[in-house]
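I have placed the structure first, in the form of structure tokens, so that the comments after it can refer back to it.
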Amino acid sequence: MIEKRKVERFDLELEAFVSIPGETDRNASGNLVTRDVSMSGVYLVTDEPLPVGSKVNVDMILTLGGRKKEDAQQAWIKASGKVLRTDKQGMAVSFDDQSRILLLPKKAD
């Protein structure tokens, strides 16, 4: 099978929080887990995927480097996009150009 993807995909299990833009009192799918992540999107494991075309916000926390826990840095991946496809295991979300990665301050001892 020939790989058609334009960006590299990483097998990462990150906690992800999914919400629907403009709906502050209701989340779309709450806390989910990613199966893989790329610069252009994410696959989220869920028994209840949203309909294809649904607009979503996806927030993930990524822990970066550091051999010791206190040396690690965390990044907040704040993404938005739409559900591209669904299957029995979950849904694929394609990110838009508003997505960004923000470094979180290290925790003080």
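Side-chain atoms are counted along with the backbone in the values below, which use heavy atoms only and exclude waters and symmetry mates.
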Check your understanding: Quick one: CE on Met91 to OG1 on Thr46, what's the gap to the nearest 0.5 Å?
Key -> 5.5 Å
**Study point:** side-chain hydrogen bond (donor to acceptor under 3.5 Å, both in side chains) partners of Ser38, counting only residues at least two apart
**Key:** Ser40
**Study point:** Any residue meeting side-chain hydrogen bond (donor to acceptor under 3.5 Å, both in side chains) with Gln89, in chain and number order, not counting sequence neighbours
**Key:**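 Expected list: Arg35.
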Short question: side chain of [X], backbone of [Y] - any donor-acceptor pair under 3.5 Å?
X	Y	answer
Gln73	Leu104	yes
Ser54	Val83	no
Ser99	Ser80	yes

Is there a path of hydrophobic side-chain contacts, each under 4.5 Å between heavy atoms of I, L, V, M, F, W or Y residues, that connects [X] with [Y]?
X	Y	result
Val93	Leu12	yes
Val52	Leu84	no
Met39	Phe10	no
Val33	Leu44	no

Check your understanding: Taking atom CG of Asp47 as the centre, does the number of heavy atoms from other residues, nucleotides or ligands within less than 6.0 Å exceed 12?
Key ->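 Atom CG in Asp47 is not crowded, with 12 or fewer foreign heavy atoms closer than 6.0 Å.
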Exercise for review: Identify which one of Ile77, Leu32, Asp36, Thr34 satisfies the side-chain contact (heavy atoms from CB on, under 4.5 Å) criterion when paired with Val42.
Suggested key: Thr34
